[in-house]
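Below: the structure, in C-alpha cells.
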Protein chains: 2
Amino acid sequence: MLKHQAIANKLKSYIDDNQLSHGTKLPSLTELMEMYGVSKNTMMQALKNLENSHVVYQVQGSGIFVRRRQRQDYDPLFQNTAGFFGNFHERITNRVLAFEKLPAEPEIAKNLQLPVGSLVYRILRLQYLDGKPFWLEESFYVADLVGHLPATVAEGSIFSYLRAQGLKIGFSDKYFDSVLLDEAQAKLLDLPPNSPALRLEDIYYLNDGRIFDYSRTYCQAKFYAQSN
Amino acid sequence: MLKHQAIANKLKSYIDDNQLSHGTKLPSLTELMEMYGVSKNTMMQALKNLENSHVVYQVQGSGIFVRRRQRQDYDPLFQNTAGFFGNFHERITNRVLAFEKLPAEPEIAKNLQLPVGSLVYRILRLQYLDGKPFWLEESFYVADLVGHLPATVAEGSIFSYLRAQGLKIGFSDKYFDSVLLDEAQAKLLDLPPNSPALRLEDIYYLNDGRIFDYSRTYCQAKFYAQSN
DNA sequence: GAGTGGTCTAGACCACGAG
DNA sequence: TCGTGGTCTAGACCACTCT
C-alpha cells in the first residue's frame with residue numbers, strides 16, 4: 001500500500017468515524033505532516049486524493065475542510081476502473097441470460113477494433129442490486145485477449161476473474177445517453193414498457209492500450225458525480 | 001501559468017498537431033525532463049494531468065503512450081468547474097424564458113440549504129449549441145452570495161460574470177437520472193412529446209464550501225466520459 | 001541487467017487569507 | 001505580517017518490463 005494512500009484512508013476513516021460535518025476544519029498541513037510522520041509532498045498527495053474523491057476541500061491561506069454531499073439515495077457514477085461497482089460488489093447478484101462464443105458482427109467488431117468475424121464472448125446478464133433488478137448488461141470480450149472463459153464466471157464478477165488470471169485492466173471510454181426501453185428490456189427490469197432509461201456504452205482497455213471489452217448497459221438508477 | 005500545466009499543454013499540442021494515433025510511444029520520462037528542463041516530479045505531474053485528461057497512458061517499465069477515444073460525435077460530460085461547457089462557450093447561445101427574484105420555496109431552499117423564504121434569483125433558459133436547442137436549464141442563485149444580478153447577464157455566461165465579480169467558484173455535486181419530457185419541455189427542445197431525456201441536478205459551492213447555486217437541466221445529448 | 005515508470009524526502013520559495 | 005496551502009527541485013530508492 002502506498003504511503004500517501006494509506007494516510008488518505010486513515011484520514012477518511014477519522015472523518016467518517018467522527019461524523020464530521022461539511023465545513024469542519026481539519027488540522028493544518030504542517031500539523032498533519034507531523035501527525036503522520038511524512039514529508040510535505042506526500043501529505044499533499046494524500047490530500048489531493050481526498051480532494052479528488054470529494055472528501056475534503058482545501059482553501060489556500062485558510063485551511064483544509066470536510067466536504068459532504070447532500071443526497072444519499074444515489075449511487076456513485078464513477079468509482080474506479082472496475083466500472084460502476086467499485087465498492088459494492090457484495091450487493092450485486094447476477095442472472096445470466098446468455099453466454100456464447102461467436103464471430104463478431106460488424107458493429108461489435110468496430111467497437112472492439114477487430115476484423116469482422118474474430119471470436120468474441122457474448123454475455124447477457126441481468127444484475128440485481130440488493131435483490132432488485134437494476135442493470136441489464138450485454139458485453140463482448142475479445143477471446144484472444146481473455147483466454148478461455150468458463151461459463152460459471154458470468155455468475156460473479158468477470159473483471160475480478162480476469163484480474164486473477166493476470167490481465168491488467170487499464171482504463172475505459174464511456175458513452176451515454178437516454179433511451180426508451182423496448183418491451184423485453186422493460187419486462188426484465190421490472191418496469192412499465194416505454195420507460196426512460198440511461199444507456200451506457202463502455203469500451204475497456206488493458207493497461208497496454210489494447211481493447212478487450214465492449215459492453216452496453218441499460219438502467220433506471222439515479223447517479224451522482226462530484227466535480228472540482 | 002503553472003510549470004507542469006504549461007508543459008502538459010505543450011505536449012498535448014504536439015500530440016494534436018502531429019495527429020499521433022492511439023498507442024504511439026512518446027519519449028521516455030528522462031528524455032522529457034531534459035527536453036523541457038524540469039525536475040522529475042514536475043514532469044510526472046504534467047503526465048499525471050495528461051493521464052487524467054485521457055491524453056496519454058503510462059505503462060511502468062515500458063513507456064508513455066498516446067490515448068485516443070473512438071467516437072467524436074459525443075460531448076464531454078465533465079470538463080471543469082464551469083459545468084458542462086468548459087471549452088465551448090463560443091458555441092452556446094441563450095434564450096432567457098424567465099428572470100425573477102423571489103423567496104425560495106421549500107424544495108429549492110432545501111437544496112440551497114437556506115431557510116424557506118430566503119431571496120433567490122430564478123433563471124429559466126433554453127440553451128442552443130451551434131444554433132440547435134440543446135439544453136433546458138432552470139437555476140436558482142442565492143441572492144446574498146451573488147449580489148445584484150442584472151437581467152442581461154442571463155443572456156451570456158452567468159458563471160463568467162460571477163467570477164469577474166470576484167466570486168470564487170469551488171466545486172459541485174451532480175445528480176442525474178433519466179426522465180420523460182412533458183409536453184412543454186419537449187416543445188421547447190424541439191422534440192416529440194414523451195421523449196426520453198437526461199435530467200441533471202447541480203449543486204454548486206464557492207471555494208469556501210458555501211452553496212450559491214442549484215440548477216436542473218434537461219437534454220437529449222450524447223455524452224462521453226473517460227475513466228482510469 | 002539495463003532501462004523505464006513510480007514513490008518519497010527535505011528543503012527552498014511562492015501565493016493567498018485573515019487579523 | 002504571519003500562518004496556511006501550493007509549486008518546484010535534486011536526488012535516493014523501488015517496481016516493473018523487456019531482452
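To find a chain, count down the sequence lines: A is the first, B the second, and so on, and within it residues start at 1. Quick note: numbers below take in every heavy atom, side chains included, and nothing from hydrogens, waters or symmetry partners. Just so it is clear, the model here is predicted, and its values are computed rather than measured.
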Which whole-number value in Å describes the distance from Asp208(A) CG to dG5(C) P? 15 Å
Contact class for Ile64(B) (heavy atom, under 4.0 Å): base, sugar-phosphate, or nothing? sugar-phosphate
Taken in chain and number order and not counting sequence neighbours, the residues that satisfy salt bridge (Lys or Arg N to Asp or Glu O under 4.0 Å) with Lys101(A) are none
Less than 4.0 angstrom from a charged side-chain N to a carboxylate O is my criterion; do Arg216(B) and Glu107(B) meet it? yes
Between Asn41(A) and Thr30(A), which is nearer to the 5' end of DNA chain D once each is assigned its nearest nucleotide? Thr30(A)
Boundaries of the chain B footprint along DNA chain D (any atom under 4.0 Å from a heavy atom): dT7(D) to dT17(D)
On the 0 to 90° scale, with breaks at 30° and 60°, tag the His22(A)-Tyr205(B) ring pair as parallel, tilted or perpendicular. tilted
Could you check whether Glu138(A) pairs with Arg122(A) (Lys NZ or Arg NE/NH1/NH2 to Asp/Glu carboxylate O, under 4.0 Å)? yes
I need the CE-C1' distance between Met33(B) and dT4(C), as an integer number of Å. 12 Å
Looking across every strand, which nucleic acid part, if any, lies under 4.0 Å from Lys25(A) by heavy atom: base, sugar-phosphate, or nothing? nothing
Just the rounded figure in Å: distance from P of dA15(C) to CE of Met1(B). 15 Å
Does the distance from a Lys or Arg side-chain N to an Asp or Glu carboxylate O, for Asp173(A) and Arg67(B), drop under 4.0 Å? yes
Which word best sums up how the rings of Phe159(A) and Tyr204(A) line up, parallel for under 30°, tilted for 30 to 60°, or perpendicular for over 60°? perpendicular
Give the rounded distance in Å between these two atoms: CG of Leu29(A) and C1' of dC14(C). 14 Å
